[in-house]
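The structure appears below as structure tokens.
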Amino acid sequence: MAACNFSGLRGISHRMFVIGLSVLLLVQLLVSLTVPRAYSNTSGDEPAFLVISIEKNDLASEVRKNERDLGLWTDEDSSLTGYEDENELPQASARELILQQWASEQPSFFAELLRFTQFITTTEVNCSVVQDSDGNQSERSPGQSDDLCINHWRGKRGCVAYSFSLDGKDAAFLDTMLYARCEVHRFDPSGRGGREPAYIKNHRAWLDWRNPRSHSHASLVGNVQRRLMDIMDSLGHTTVDVLRMDLESAEWRILESWIKDGTLRRINQLILTIHLQWAGFEVGGAEEEVVRFWYSVLTALRISGLRLVHSTHGPGHIVLRHKLANSHSSYTLSWMRTREQLR
């Protein structure tokens, strides 16, 4: 009788064990189907780990942070659209802007401004033959910023001139270039050229220093922003004999980009208006850092072979919010390559 009871209990225990094992296997199967595996199915030796997704802090952002720390970059462009990453890393062959040494042992706004002002008001080339906006050629020094010094390219055929300016500020320059028998291109995004297309080729385009999202340069039609090298390639020009630009404080980043990509060496004469009331687009930092940056940019122009021919100041005496009797809010500078440098 006892043997029968023991045999019955053992059978029940065996059935309960089988049922329990089946339930456990079923639970494991359900868990494996509902919870994703955190490791690759192709390698059974890899340990399980928790996957966390974070946003990358890429190299371009790090470069931008470093530039901002140097006082050469701000976040003013964050609302701009229509471009690829505007901090696109330069190609390996790109040149870098070299910041010049401080003007004094300790960084000083007034020491930097004194050096900068002396630099932009000291001419280096004695221009003896001038073409003016009335078509007259004479042996004298330039009297106006738009007087063209033609000593080093007189008689050159196929002259090409570009003008980047708003509100008709370049009228005298355009006349001077026409009398010099240049092929003249005027760039104004407003489309208010007001000139006969047979003489002035008007383009609704504007200079920029960033890479446009579209890399098609077959046409300049429409209100678009382009780098100078792209504009020149679109028009089939390898060099520009005379370029005039008044970019309302965008000139600093434009010039820096020309230094970096080598476009600056494709310009033989440059008539440039600089604005000093504020740091300029995408230029920031302490006041002494800003003026040092300006000086470094213009020094790079000279290093490229351009020489200062003429300097004239505009109205106002505000420089970075300081009212200074011996300084001016803007200057128009004429730079050129001498005949020896053009060979």
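- Under the salt bridge (charged side-chain N to carboxylate O under 4.0 Å, His left out) criterion, Arg265 pairs with no residue, sequence neighbours left out.
- Note on ring orientation: taking the six-membered ring where Trp is involved, the planes of Phe164 and Trp206 are perpendicular (angle over 60°, cut-offs 30° and 60°).
- Atom CH2 of Trp335 is separated from atom CZ of Arg307 by 9.0 Å, given to the nearest 0.5 angstrom.
- Checked against salt bridge (charged side-chain N to carboxylate O under 4.0 Å, His left out), Glu183 has no partners two or more places apart in sequence or in another chain.
- The backbone N or O of Ala103 lies less than 3.5 Å from a partner atom in the side chain of Glu112, making a donor-acceptor pair.
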field: Chi angles and distances behind the side-chain contact (heavy atoms from CB on, under 4.5 Å) call for Leu174, Tyr199
entry: CA-CA 10 Å; Leu174 297 176; Tyr199 302 103; over 6 Å; no
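- For residues 271-281, there are no salt bridge (Lys or Arg N to Asp or Glu O under 4.0 Å) pairs, not counting sequence neighbours.
- Salt bridge Asp241/Arg181: absent, no basic N to carboxylate O contact under 4.0 Å.
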message: Between Ile274 and Phe116, does the side-chain contact (heavy atoms from CB on, under 4.5 Å) criterion hold? Intermediate values first, please.
response: CA-CA 12 Å; Ile274 59 174; Phe116 177 76; 3.9 Å; yes
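- Not counting sequence neighbours, Trp258 has no partner by the ring-ring contact (aromatic ring centres under 6.0 Å, His included) test.
- Tyr162 meets the ring-ring contact (aromatic ring centres under 6.0 Å, His included) test with His185, Phe187, His237; sequence neighbours excluded.
- When atom types are taken as modelled, the side chain of Glu251 and the backbone of Ser249 share a donor-acceptor pair closer than 3.5 angstrom.
- Within the 4.5 Å cutoff, the side chain of Leu228 has no heavy atoms near those of the Arg266 side chain.
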Derivation and outcome, salt bridge (Lys or Arg N to Asp or Glu O under 4.0 Å), residues Glu256 and Lys260: CA-CA 6 Å; Glu256 183 190 25; Lys260 289 184 174 182; 3.8 Å; yes
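- A distance of 6.5 Å separates CG of Asp246 from OG1 of Thr332, quoted to the nearest 0.5 Å.
- In this structure, CG on Leu272 lies 11.0 Å from CD1 on Ile254, to the nearest 0.5 angstrom.
- With sequence neighbours left out, the side-chain contact (heavy atoms from CB on, under 4.5 Å) criterion links Leu114 to Gln118.
- Evaluation of the side chain to side chain donor-acceptor pair (under 3.5 Å) rule for His317 yields no partner, not counting sequence neighbours.
- Each side-chain hydrogen bond (donor to acceptor under 3.5 Å, both in side chains) pair with one or both residues in residues 100-109, not counting sequence neighbours, would appear here, but there are none.
- Applying the side chain to side chain donor-acceptor pair (under 3.5 Å) test to Glu248 and every residue at least two apart in sequence or in another chain returns Lys169.
- Atoms CG and CZ, on Asp233 and Arg226 in that order, are 10.5 Å from each other to the nearest 0.5 Å.
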task: Output, in order, the C-alpha distance, side-chain angles, deciding distance and verdict of side-chain contact (heavy atoms from CB on, under 4.5 Å) for Leu298 and Leu333.
output: CA-CA 10 Å; Leu298 297 186; Leu333 311 174; 4.1 Å; yes
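- Counting heavy atoms from C-beta on, the side chains of Leu270 and Leu255 come closer than 4.5 Å.
- Rounding to the nearest 0.5 Å gives a distance of 9.5 Å between CG of Leu99 and CD of Glu289.
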message: Apply side-chain contact (heavy atoms from CB on, under 4.5 Å) to residues Tyr331 and Thr121 and explain how you reach the verdict.
response: CA-CA 9 Å; Tyr331 291 83; Thr121 55; 4.1 Å; yes
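- Arg337 places a side-chain heavy atom less than 4.5 Å from the side chain of Ser304.
- For His275, the ring-ring contact (aromatic ring centres under 6.0 Å, His included) criterion is met by no residue, not counting sequence neighbours.
- Remark: Ser311 pairs with no residue by the side chain to side chain donor-acceptor pair (under 3.5 Å) rule, at least two apart or across chains.
- Residue Met229 holds its CE atom at 13.5 Å from OG1 of Thr238, rounded to the nearest 0.5 Å.
- The side chain to side chain donor-acceptor pair (under 3.5 Å) search around Ser163 returns Asp170, not counting sequence neighbours.
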